[in-house]
2 protein chains.
Amino acid sequence: MAKNSAVSMAASNLESVSSSASGQPAPRKSAGPRAAARRANEKRILAAAEEVFALAGFTGATTAAIARRASLPKANVHYYFRTKKALYRSLLNNILDLWLNEADSITEDADPAEALSAYVRAKVAYSQNRPFASKVFANEVVHGGSQIRDYLENQLKARVDGKVSIIRRWIAEGRMSPVDPYHLFFSIWAATQTYADFECQAAAVLGKDKLTAGDYRKAADHVEAMILKSCGLEPGGAAGS
Amino acid sequence: MAKNSAVSMAASNLESVSSSASGQPAPRKSAGPRAAARRANEKRILAAAEEVFALAGFTGATTAAIARRASLPKANVHYYFRTKKALYRSLLNNILDLWLNEADSITEDADPAEALSAYVRAKVAYSQNRPFASKVFANEVVHGGSQIRDYLENQLKARVDGKVSIIRRWIAEGRMSPVDPYHLFFSIWAATQTYADFECQAAAVLGKDKLTAGDYRKAADHVEAMILKSCGLEPGGAAGS
DNA sequence: GCTATTCTTGGCCATTTAGTCAGACTTCCT
DNA sequence: AGGAAGTCTGACTAAATGGCCAAGAATAGC
């Protein structure tokens with residue numbers, strides 16, 4: 001009955017996501033057949049949770065639905081993950097790990113066109129292969145990202161800042177045209193993830209139920225071309241003005 | 001206790017959004033001082049709902065929170081909108097109306113560069129001025145869009161198809177380079193709306209709490225330049241390759 | 001075999017929340 | 001003034017849901 005401001009309910013009282021990923025009952029030894037079974041069950045539950053959280057959001061998802069999807073009794077889910085929030089945060093951890101390593105192709109001495117092209121294609125592939133993961137992340141960010149604030153402000157920012165310096169250097173060396181590197185990343189993320197997060201909209205506009213492999217190919221081609229052109233780059237690898 | 005497939009709960013049993021927007025008790029006459037007060041109250045509730053739904057999603061939002069935000073007793077909210085879903089659908093209707101008219105600058109005889117530029121800038125401005133509306137829409141689409149399927153497949157698709165033909169003609173007339181018009185729209189939507197839907201991510205990466213007016217200006221400049229270049233257009237209005 | 005540890009699960013409970021309702025109150029019309 | 005239509009609201013209810021528990025089943029180590 002606390003008189004919180006009407007909307008603050010969205011931001012719950014959690015520390016943000018850190019490292020500890022797995023369940024709580026902490027078995028005596030971390031290796032062995034028991035531990036393997038445990039990891040398998042956790043993985044199964046996480047996979048179910050990814051789907052349910054993606055389709056219903058955090059509050060909309062029920063532990064019962066997750067359990068049903070994992071073909072386990074609800075109490076069993078609560079055995080591996082004490083609370084719904086703990087499960088949600090474990091899931092986010094897994095997803096964020098993926099996110100961080102996607103820009104690996106962007107390195108100091110890479111070719112700008114090749115690096116950006118690889119990045120864009122990796123992200124479109126991710127949208128195609130892990131749409132639920134993308135949606136869980138999108139949902140979290142749209143709702144204010146209270147569970148991942150720390151990750152966004154620290155790990156992600158640091159990683160992006162690093163890539164931004166690389167791009168600034170590329171620009172200074174005349175290897176690509178001057179663009180704001182931050183906004184370049186925002187555009188890449190948006191234009192690629194939209195094929196996961198907003199798939200149903202794209203599909204509807206294209207007059208289909210679901211996007212096909214061909215659609216994703218076209219999407220990758222289109223976004224790649226757009227990003228490269230916006231940086232004055234040619235697909236081959238030669239630099240423009 | 002129905003044995004629905006684990007995830008189907010996300011798609012509830014609603015007809016999709018159509019036209020009827022307002023409350024139910026249907027006053028005798030649709031004009032007059034009473035009706036004006038009614039409209040004012042509905043507007044107030046819708047504004048509150050926009051914010052609460054944006055931050056918490058459909059399931060996460062509570063009618064109590066919406067009422068609190070509108071400074072009204074909960075029962076009063078239910079007087080104007082019988083159910084939470086009815087309120088949600090009214091809100092979606094308002095938002096979708098905005099969406100449909102944003103591409104008005106794209107007409108047969110407009111200058112491609114000017115038209116696309118205006119469209120991009122209108123959409124960035126929308127992200128800046130109505131971030132909650134954008135988030136409500138994003139949330140709905142991310143979760144499968146069960147409430148707006150009809151809108152997406154009919155009204156929106158028709159509107160987009162119209163704009164696509166225009167762009168195809170521009171391309172045929174050599175007024176811009178060949179790009180896939182559908183994916184061009186997907187990219188424009190994504191790159192502009194990301195500043196509303198994913199604001200907290202962009203802000204975190206930029207090391208701020210919130211995006212500033214300057215950030216939105218930079219965003220508009222960046223996306224405008226990106227889209228124009230990807231179409232082989234110059235900001236002034238002259239056509240390229 | 002025996003015991004300790006981990007795992008499994010049905011059943012239970014407290015809390016939250018959408019929606020109802022009866023009655024009070026206000027505004028309008030004649 | 002008086003009544004009718006519309007508006008407002010506190011209190012209540014039924015359903016859903018996260019989480020707990022205790023007892024049983026399985027497994028590992030000795």
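Protein chains get the first letters and strands the later ones, always in sequence-line order, with residue 1 at the start of each. All heavy atoms count here, side chains included; hydrogens, waters and symmetry mates do not.
Under the side-chain hydrogen bond (donor to acceptor under 3.5 Å, both in side chains) criterion, A/Lys157 pairs with A/Asp161, not counting sequence neighbours. Taking B/Thr212 as the reference, B/Asp215 meet the side-chain hydrogen bond (donor to acceptor under 3.5 Å, both in side chains) condition, with sequence neighbours excluded.
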Got a list of protein N/O to nucleotides 19-21 of chain C N/O distances below 3.5 Å?
{"from": "C/dG19", "atom 1": "OP2", "to": "B/Lys84", "atom 2": "N", "distance (Å)": "2.5"}
{"from": "C/dG19", "atom 1": "N7", "to": "B/Lys74", "atom 2": "NZ", "distance (Å)": "2.9"}
{"from": "C/dG19", "atom 1": "O6", "to": "B/Lys74", "atom 2": "NZ", "distance (Å)": "2.7"}

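Contact annotation: B/Tyr80 reaches the phosphate of D/dC8 (side-chain N/O to OP1 or OP2, under 4.0 Å). Residue A/Tyr79 places at least one side-chain N or O closer than 4.0 Å to OP1 or OP2 of C/dC7.
With rounding to whole Å, A/Ile45 atom CD1 is found 12 Å from C/dT8 atom C1'. For the pair B/Arg39 CZ and D/dG6 C1', the interatomic distance rounds to 15 Å; values are reported in whole Å. When the C1' atom of C/dT9 is taken as reference, atom CZ of A/Arg68 falls 17 Å away, rounded to whole Å. Look at CZ on A/Arg38: it is 12 Å from C1' on C/dT8, rounded to the nearest Å. In this structure, B/Phe58 atom CZ and D/dA16 atom P are separated by 15 Å, rounded to whole Å.
In terms of heavy atoms, A/His143 sits closest to B/Leu55 at CB-O, 3.5 Å.
Defined by atom type and a distance below 3.5 Å, a donor-acceptor pair is present between the side-chain atoms of B/Tyr88 and B/Glu140.
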task = Using the ring pair (Phe, Tyr, Trp, His ring centres under 6.0 Å) rule, take A/His183 and B/Tyr195 through it: C-alpha gap first, then chi angles, then the decisive distance, then the call.
result = CA-CA 10 Å; A/His183 290 275; B/Tyr195 292 103; 5.6 Å; yes
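Considering A/Trp189, A/Tyr126, A/Tyr151 as possible partners of A/Trp99, the one that fulfils the ring pair (Phe, Tyr, Trp, His ring centres under 6.0 Å) test is A/Trp189.
Of the candidate nucleotides C/dC7, D/dT9, D/dT7, D/dT9 has the atom nearest to the side chain of B/Asn76.
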